[in-house]
Protein chains: 2
Amino acid sequence: MKIDRSVVRSLSLFDRMSDADLDWLLGHATARRIPQGDAVFEQGQAAASFFLLLHGRLKVTQVTEDGQQIIVRVVHPGDLFGFAKALQRSDYPGTATAVTESIALSWPTDLWPHFVEQNPHLAVSTMQTIGQRLEEAHTRIREMSTQEVERRVAHAVLRLSRQAGKHEQGGIRIDFPISRQDIAEMTGTTLHTVSRILSAWEAKGLVEGGRQKLVIRDLAGLTQIAESGRD
Amino acid sequence: MKIDRSVVRSLSLFDRMSDADLDWLLGHATARRIPQGDAVFEQGQAAASFFLLLHGRLKVTQVTEDGQQIIVRVVHPGDLFGFAKALQRSDYPGTATAVTESIALSWPTDLWPHFVEQNPHLAVSTMQTIGQRLEEAHTRIREMSTQEVERRVAHAVLRLSRQAGKHEQGGIRIDFPISRQDIAEMTGTTLHTVSRILSAWEAKGLVEGGRQKLVIRDLAGLTQIAESGRD
DNA sequence: CGGGTGGTTGAAAGTTATCAATAGCTGTGG
DNA sequence: CCACAGCTATTGATAACTTTCAACCACCCG
């Protein structure tokens, strides 16, 4: 498979990598299409590959022993995912599902140590990536510890609008199908509570809801709720 | 300052490092004593150094704009901490306070990139460390999303007993001063609720409390609460 | 021995989950 | 092309859990 480096050149992960190194990397990659609803890998599976999302959108979920699900994170184009080996584990800690048709590059996990030894800068970049993810996780912990549900949902929605927002007339649309259940699983609450909150916001003209759809109409208003509480 | 490599040789972080590399590393390190209650660094300060805890115990906390505090993690001997640069940020995201008198090694942040370029294996090790931390964070998010407070507290106490447990006759003692407030800040609840829960456990003979003190008397019983709920 | 920090506990209030019933969209198949 | 199945969403009522408020206790340190 021949993958042109123009495909990934713009990604910050490969910022300072030489063309030669990049070509070598891509020479070992496989491109793969994931239809909507399919899983790239499942929780508990042996970690055979690690991935880079080129196009589309994935959600990474975990299921607890008692069957409850949470969304660990949303994967956006340009993100690395499934790098279990770097986390010193042999199986995937979660399931990655395509919420829209997606395209990802993959490399065999065995190559990972080789990669980083070969190219220390990639190691540094990846470390930064994981570091950012750690910070996000801490932010989420902080929010869940100290904030009431409405503020958490507001933060989650604003985050989505930043990462997957598509400006259109009169608002910002979240550019992939997202259900109340999804938002609940991202904020640690139930779909009922999310539904109530969104209904209330809609009544105030802050957002516009719909089936697997969400458009932010009043960014400032939402921000206010996220920041300090009631508006 | 001369630091013998025997001081850190046993740590897994330096597992496969040569004596020469290790000596070089230690040649650039500064050892520092932190009295109980003092901070090694504070949230928002410019990240001038990164650290390795040799002895003692630290807690890393964050304060939200509205003054609420949470404990991000507890630092145990052998742990790296304050590696903000690796997370691509110039300031410390939290405050590290000694809960017992502690000893730490420190290196100037500037040396970090040098270190990892020089010694790719260290980069891999560190990445694994951060990876584990990320996993811990996700575990915590999962718990806070799906479990009621009592189970979360049980998990937190069990974790502490694993990381800082000291076996003594008839139980496992948490080997550093810990308050109800601390446990509350680790589990996202209030000291009142923690106090009630611990009182109930004490009545059932599961633990023995006290001022800044905690001894686990019935590990199996606690584990049961952590796993499935009510016993 | 007095003050302060850390801890306990009751009562009331509030938030969020749970239970339950209904409505509405979407896509599939007769 | 319409109807039905199934999933997604809405919403009221109730219950449960946790926080908040308040008062009090006890231990440790200076």
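Chain letters run A, B, ... following the sequence lines, proteins first and then strands; every chain starts at 1.
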(message) For D:dT11, does the base pair up with any side-chain atom of A:H192 as donor and acceptor (N or O, under 3.5 Å, distance only)?
(response) yes
(message) Determine whether a donor-acceptor pair (N or O, by modelled atom type, separation under 3.5 Å) exists between the side chain of B:T95 and the backbone of B:E42.
(response) no
(message) Between the base of C:dG7 and the side chain of B:R196, is one N or O donor paired with an acceptor at under 3.5 angstrom?
(response) no
(message) Does the plane of the ring in B:F50 sit parallel, tilted or perpendicular to the ring in B:W107? Use 30° and 60° as the thresholds.
(response) parallel
(message) Check this one for me: any side-chain N or O of B:T193 less than 4.0 Å away from OP1 or OP2 of D:dT19?
(response) yes
(message) Without decimals, in angstroms, what is the distance between B:Q212 CD and D:dC29 P?
(response) 10 Å
(message) Can you work out whether B:S179 or A:V149 has the more 5'-proximal nearest nucleotide on DNA chain C?
(response) B:S179
(message) Is the phosphate of C:dA17 approached by A:T190 (side-chain N or O, under 4.0 Å from OP1 or OP2)?
(response) yes
(message) Would you say that B:E101 contacts B:I34 through its side chain, given a criterion of any heavy-atom pair below 4.5 Å between the two side chains?
(response) no
(request) Please state how far atom CD in B:E202 lies from atom C1' in C:dT9, giving the value in whole angstrom units. (result) 14 Å
(request) Say whether B:E185 and B:Q181, considering side chains only, have a donor N or O and an acceptor N or O under 3.5 Å apart. (result) yes
(request) Side-chain contact test, heavy atoms from C-beta onward, threshold under 4.5 Å: evaluate it for A:V194 versus A:L198 and give yes or no. (result) yes
(message) In this structure, how many angstroms lie between the P atom of C:dA20 and the CG atom of A:L191, rounded?
(response) 16 Å
(request) Quick one: list whatever passes side chain to side chain donor-acceptor pair (under 3.5 Å) with A:R32, sequence neighbours left out. (result) none
(message) When you measure from the side-chain N and O atoms of A:S199 to the phosphate of D:dT11, is any distance below 4.0 Å, counting only OP1 and OP2?
(response) yes
(message) What is the separation between atom CH2 on A:W201 and atom C1' on D:dT11, rounded to the nearest whole Å?
(response) 18 Å
(request) Could you check how far CD of B:Q36 sits from P of D:dC29, rounded to whole Å? (result) 10 Å
(message) Please determine whether a side-chain nitrogen or oxygen atom of A:R180 lies at a distance below 4.0 Å from atom OP1 or OP2 of D:dA9.
(response) yes
(message) From CD of B:Q68 over to P of D:dT18, roughly how many Å is that when rounded to an integer?
(response) 17 Å
(message) What's the angle between the local helix axes at either end of the helix from C:dC1-D:dG30 to C:dG30-D:dC1, using five pairs per end and rounding to 10 degrees?
(response) 30°
(request) Would you confirm whether A:D4, through its side chain, and A:V7, through its main-chain N or O, come within 3.5 Å as a donor-acceptor pair? (result) no
(message) In this structure, how many angstroms lie between the C1' atom of D:dT19 and the CD atom of B:E148, rounded?
(response) 16 Å
(request) Identify, between B:R211 and A:T189, the residue whose nearest nucleotide on DNA chain C lies closer to the 5' end. (result) B:R211
(request) Specify the separation, in whole Å, of atom CD1 of B:I197 and atom P of C:dG7. (result) 15 Å
(message) When you measure from the side-chain N and O atoms of B:S195 to the phosphate of C:dT8, is any distance below 4.0 Å, counting only OP1 and OP2?
(response) yes
